[in-house]
Amino acid sequence: MPSARFGGKCKCGGRVEAGDPVTFADRKIAACGACDPKLGARAAAPPLELRVRVVGVKFVKPDGTWTSASAVLDQGQQAPADSPIEAGRPFAVVGPLGSVAVGDVVEVRGKFIQDERWGWQFEAGVAVPAIASTDQALVRFLQAFPDVGPRRAEAIVRELGGRQCVLDALDHDPERLTVVSGITSARAQAIADKYHQKAGLRDTLFFLAGLGIAESSALHAHILERFGESAKAVLSEDPYQLMDIDNVGFTTADEYARKLGIGSNDVRRTAALVLSLIQKVENEGHVWSSPRDLLEAARGGKIAW
């Protein structure tokens with residue numbers, strides 16, 4: 001599906017943003033989602049999730065917020081229906097991939113776009129390291145853990161008999177890691193805990209991306225700091241718990257609550273709104289307010305009750 005590389009105007013006069021689905025004619029935007037219903041429907045399609053293996057790295061921003069890489073679908077992955085790629089053939093993947101290296105396996109979520117200059121690309125909105133699918137990839141995965149490093153990671157994979165045996169030990173019997181010199185029972189448990197944390201963090205990162213919370217944003221960092229790998233479960237149950245984070249008020253929490261399907265009359269929304277209004281009048285120096293006062297405060301803040 002072609003998409004606009006830069007913002008501009010369609011021939012119909014409609015405004016087009018970068019990334020919007022379009023069709024080109026003579027390098028100009030001939031149709032957009034506003035004038036072509038088919039393009040509008042495609043824009044609403046849910047994001048794709050792929051597991052890819054990096055085969056080349058073309059460009060990495062110093063802060064890791066944008067990477068251009070060449071990748072193939074990982075073993076066992078099938079090309080999505082109607083996609084422009086084939087299993088075994090490299091394709092471009094761009095987005096916040098971080099400092100990936102050749103051989104890394106990454107789970108990405110996003111969409112295919114057709115750049116007017118560069119052709120088909122998979123534009124990832126979020127990317128997380130996959131639990132390594134080969135012995136070599138598992139060594140790279142483990143060496144980033146505290147008190148492991150490259151040599152000890154290699155020893156873990158070698159001594160335990162390969163990837164599947166290591167993952168089984170981490171899941172069910174971390175004590176088996178103590179066969180490696182320098183790994184105590186406590187250290188083995190710490191490695192297993194870190195492994196489970198990374199595995200649990202995958203779902204959280206995809207969840208936050210689905211809400212439109214960019215990985216590079218301050219809010220993303222604060223959510224992970226406050227809730228950790230439990231963020232998805234906590235916020236799915238009550239997104240107004242975002243208000244526990246400094247500088248996050250009712251309006252921001254309400255925006256994400258709506259995305260999660262929380263209705264205007266939901267008791268969680270009412271409770272959060274009342275709490276925020278009480279805090280507001282308290283900060284203004286009041287020690288008592290009537291329900292009418294709180295309602296007027298809500299109206300003054302242009303909040304729909």
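Note that the numbering runs from 1 along the sequence shown for the chain.
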Spell out, as yes or no, whether a donor-acceptor pair under 3.5 Å connects the side chain of [X] to the backbone of [Y].
X      : Y      : result
Arg187 : Gly182 : yes
Asp135 : Gly162 : no
Thr252 : Gly249 : no
Lys58  : Ser68  : no
Ser236 : Ala233 : no

In terms of hydrophobic clustering (I, L, V, M, F, W, Y; side-chain heavy atoms under 4.5 Å; direct or indirect links), are [X] and [Y] co-clustered?
X      : Y      : answer
Leu219 : Leu260 : yes
Leu48  : Val54  : yes
Val60  : Val55  : no
Phe250 : Ile262 : yes
Leu170 : Val179 : yes

Rounded to the nearest 0.5 Å, what's the gap from [atom1] on [X] to [atom2] on [Y]? Could you check?
X      : Y      : atom1 : atom2 : value
Leu50  : Gln78  : CG    : CD    : 12.0 Å
Thr178 : Asp173 : OG1   : CG    : 8.5 Å
His222 : Asn247 : NE2   : CG    : 7.0 Å
Ile85  : Leu73  : CD1   : CG    : 4.0 Å
Phe24  : Ile29  : CZ    : CD1   : 5.5 Å
Leu235 : Leu208 : CG    : CG    : 7.0 Å

**Request:** Using the side chain to side chain contact (heavy atoms under 4.5 Å, CB included) rule, take Leu167 and Arg163 through it: C-alpha gap first, then chi angles, then the decisive distance, then the call.
**Result:** CA-CA 6 Å; Leu167 296 181; Arg163 172 185 175 275; 3.6 Å; yes
**Request:** Apply side chain to side chain contact (heavy atoms under 4.5 Å, CB included) to Arg89 and Val72, showing your working.
**Result:** CA-CA 6 Å; Arg89 296 191 62 180; Val72 295; over 6 Å; no
Nearest heavy atoms of [X] and [Y], plus distance in Å:
X      : Y      : value
Cys35  : Cys10  : SG-SG, 3.9 Å
Val108 : Ala127 : CG1-CB, 3.8 Å
Val148 : Ala153 : CG1-N, 3.7 Å
Ala69  : Leu97  : CB-CD1, 4.1 Å
Asn265 : Thr270 : O-OG1, 4.4 Å
Asp147 : Arg152 : O-NH1, 2.9 Å

**Request:** In plain terms, say whether Asp168 and Arg176 are close enough for a salt bridge, that is, a side-chain N and a carboxylate O under 4.0 Å apart.
**Result:**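 The answer is yes: the pair qualifies as a salt bridge.
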**Prompt:** Ion pair present between Asp104 and Arg53, side-chain N to carboxylate O less than 4.0 angstrom?
**Reply:**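 No.
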[X] versus [Y]: any side-chain heavy-atom pair under 4.5 Å?
X      : Y      : answer
Val94  : Thr67  : no
Ile183 : Ile191 : yes
Phe207 : Ile213 : no
Val105 : Arg51  : yes
Tyr195 : Asp171 : yes
Val234 : Pro239 : no
Glu159 : Ser181 : no

**Message:** For the residue pair Asp193 / Gln189, report whether a side-chain donor-acceptor contact shorter than 3.5 Å exists.
**Reply:** yes
**Request:** Any chance you could lay out the side chain to side chain contact (heavy atoms under 4.5 Å, CB included) test for Lys9 and Cys32, step after step, and finish with the verdict?
**Result:** CA-CA 9 Å; Lys9 277 193 174 182; Cys32 66; over 6 Å; no
**Request:** Test Val52 against Phe91 for side chain to side chain contact (heavy atoms under 4.5 Å, CB included), laying out the working first.
**Result:** CA-CA 10 Å; Val52 301; Phe91 59 96; 3.9 Å; yes
**Request:** For residues 230-239, pull every pair meeting salt bridge (charged side-chain N to carboxylate O under 4.0 Å, His left out), keeping only residues two or more places apart or in separate chains.
**Result:** none
**Prompt:** Is the Phe122 ring parallel, tilted or perpendicular to the Phe112 ring (thresholds 30°, 60°)?
**Reply:** perpendicular
**Item:** Qualifying residue for salt bridge (charged side-chain N to carboxylate O under 4.0 Å, His left out) with Asp254, from Arg269, Lys259, Arg268
**Value:**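 Answer to the salt bridge (charged side-chain N to carboxylate O under 4.0 Å, His left out) test with Asp254 among Arg269, Lys259, Arg268: Arg269.
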